[in-house]
Amino acid sequence: MHKLGFSPDEYTLGSVFSGCAGLRSVFIGQQAHGYMVKYGLELDSVVSSSLAHMYMRNGKLRDGQSVIRSMPVRTLVAWNTLLSGYAQEGCPETVLCEYKKMKISGYRPDQITFVTVLSSCSDLAIRGQGQQVHAEAVKIGASSVVAMVSSLISMYSKCGCLEDAAKAFSERGDEDEVMWSSMISAYGFHGRGEEAIKLFNTMVEETEMEINEVTFLNLLYACSHSGLRDKGLELFDTMVEKYGFRPSLRHYTCVVDLLGRAGDLDQAEARIRSMPMKPDAVIWKTLLSACSVHKNAETAQRAFEEILKIDPNDSSCYVLLANVHASAKRWRDVSEVRKSMRDRDVKKEPGVSWFEHKGEVYRFKMGDRSQSQSKEIYSYLKELTLEMKVKGYKPDTASVLHDMDDEEKESDLVQHSEKLAVAYALMVLPEGVPIRIIKNLRVCGDCHVAFKYISVIKNREITLRDGSRFHHFVNGKCSCGDYW
DNA sequence: GTAGGGTTAG
């Protein structure tokens, strides 16, 4: 069109930006931006929104922001573009902050705003705010739109309330495959593989919905997190043979997870090496993590090297490898790994846990002493540990990756961010109120045991969302069945 | 012509 001498108008550019956003071609998008200026279309709010979207989808947050800031009139679509841009770039806090500003400036959110904000609440696992958004949606009659229901299912599930997720699901009987997949994923997230499969079967047998690749992804994920190895492998075959879907890298990652968690490390590795696409760092990390569960140093070393070939700056693989060695008490290998971390200036992502109380978020880093009540928290924990020991708790010093004597290891364990968070939650929350803690990384083995004891001693329901799933502690038992 | 839902590992 350009070569033939046609000039673009606002409609042309809107489409071009939209295409560039989808294709991630920021270079072409920038050229089209030049045309926009040249043809004096900078004041058009539709073109500006699509331009901002193009930048934000391509990771250029600042460029997107400045486009939206320079709009003479900020529209609702512009706000939504901004919010979803932050959401997709992994800045859920910013989404919530801008959402507040949006409302203060007098804009009325619509269902698209709600969906975006709800996904940020899911990421942060802040149920209180999620519920509030739910209520706002109810008020304007937007809560029963299927896309909203999917978001609500996901939000409630990721915030630890499987019941509320199921409630949102059951209130809408629609045959919408995304909504059903959301519910399958919710079951998987909570280690309820059997229920996930049951829902899938109902979907196939009693409805007309199309099953797609994502549905299978959710299903496989549910199986591997529930220890349903054979069922998962069977579903993978069904997907390929009966449905004719070509498995993606993510599907293979689920299979490697299924095999690896079940201890079939050789098979898992063979799958990676024989699959038709190039492995990424994640699939090797899946294997490496399985190696640390099953204490297989040889396979771990190979996976570790593969990861570094793909992403030399990855820090988590060092920690995982050190884990494998530490569990076998090979301290020389552990310090070897630590040394290479130092040499290459690789830093571990610090563990952080938090919980929400009366609209405030309380954060704890490992070994945190920055709270005004730190002293009280540590002495509370000390007392709690004594009570736990009376009931039979033995600190799992194997969870400590350093070669120290047991006493030092114990004091190391006490400083874990999830323990600090649970202690403070016990101190400030009224009796009987369930405690919901979120941690950025996986829960450590010792903390997992400790939380079981705490749930008995304090007669408290504790929910812990870690980096990949939920743990419900009730009466000394965890919903994950110690399989994670 | 613009914005939104379910998606693997640590």
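All values below were derived from every heavy atom in this structure, side-chain atoms included, with hydrogens, water molecules and symmetry-related copies excluded. In the text below, chain A, chain B and the rest are named by the order of the sequence lines, each starting its count at 1.
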Starting at atom [atom1] of [X], determine the distance to atom [atom2] of [N], rounded to an integer number of angstrom.
{"X": "A/L219", "N": "B/dT8", "atom1": "CG", "atom2": "P", "value": "13 Å"}
{"X": "A/F304", "N": "B/dA9", "atom1": "CZ", "atom2": "C1'", "value": "16 Å"}
{"X": "A/N323", "N": "B/dG10", "atom1": "CG", "atom2": "P", "value": "12 Å"}
{"X": "A/D257", "N": "B/dA9", "atom1": "CG", "atom2": "C1'", "value": "7 Å"}
{"X": "A/I184", "N": "B/dT8", "atom1": "CD1", "atom2": "P", "value": "14 Å"}

Would you mind writing out the side-chain donor-acceptor pairs for residues 207-214 of chain A within the sub-3.5 Å range, not counting sequence neighbours?
unit_1	atom_1	unit_2	atom_2	d
A/T207	OG1	A/M203	O	2.5
A/T207	OG1	A/M209	N	3.3
A/N212	OD1	A/V214	N	3.0
A/N212	OD1	A/T215	N	2.9
A/N212	OD1	A/T215	OG1	2.8

- Item | Those residues that, when tested against A/E136, pass salt bridge (Lys or Arg N to Asp or Glu O under 4.0 Å) (two or more places apart) | A/K103
Can you list, pair by pair, the side-chain donor-acceptor contacts under 3.5 Å of residues 71-90 of chain A, counting residues two or more places apart and other chains?
unit_1	atom_1	unit_2	atom_2	d
A/T75	OG1	A/A78	N	3.1
A/N80	OD1	A/T113	OG1	2.8
A/N80	ND2	A/D110	OD1	3.2
A/T81	OG1	A/V77	O	2.7
A/S84	OG	A/N80	O	3.2
A/S84	OG	A/T81	O	3.2
A/Y86	OH	A/Q65	NE2	2.5

- Task: Can you sort out which residues in residues 27-38 of chain A have a heavy atom within less than 4.0 Å of DNA chain B? Ascending by number, please.
- Result: none
- Query: NA contact type, A/D44, heavy-atom cut-off 4.0 Å: base, sugar-phosphate, or nothing?
  - Reply: base
- Annotated protein contacts, base or backbone, on nucleotides 2-7 of chain B with a non-hydrogen cut-off under 4.0 Å, one of B, S, - each: BBBBBB
Can you give me every donor-acceptor pair (side chain of residues 150-167 of chain A, partner residue at least two apart or in another chain, under 3.5 Å) with its distance?
unit_1	atom_1	unit_2	atom_2	d
A/S150	OG	A/V146	O	3.2
A/S151	OG	A/A147	O	3.1
A/Y156	OH	A/H134	ND1	2.8

Name every donor-acceptor pair, under 3.5 Å, that has one atom in a side chain of residues 281-293 of chain A and the other anywhere in the protein, sequence neighbours excluded.
unit_1	atom_1	unit_2	atom_2	d
A/K285	NZ	A/D314	OD1	2.5
A/K285	NZ	A/S316	OG	3.3
A/T286	OG1	A/V282	O	2.8
A/S292	OG	A/S289	O	3.3

Could you give the side-chain donor-acceptor pairs of residues 27-38 of chain A under 3.5 Å, partners two or more places apart or in another chain?
unit_1	atom_1	unit_2	atom_2	d
A/H33	ND1	A/Y55	OH	2.8
A/Y35	OH	A/H2	ND1	2.8
A/Y35	OH	A/H2	NE2	2.9

- Item | ring pair (Phe, Tyr, Trp, His ring centres under 6.0 Å) partner of A/F216, chosen from A/F236, A/F200, A/Y221 | A/F200
- Message: Taking only side-chain N and O atoms of A/H251, does any of them lie within less than 4.0 angstrom of OP1 or OP2 on B/dA9?
- Response: no
- Note on the structure: For residues 297-310 of chain A, the salt bridge (charged side-chain N to carboxylate O under 4.0 Å, His left out) pairs (sequence neighbours left out) are A/E269-A/R302, A/R273-A/E306, A/E306-A/K309
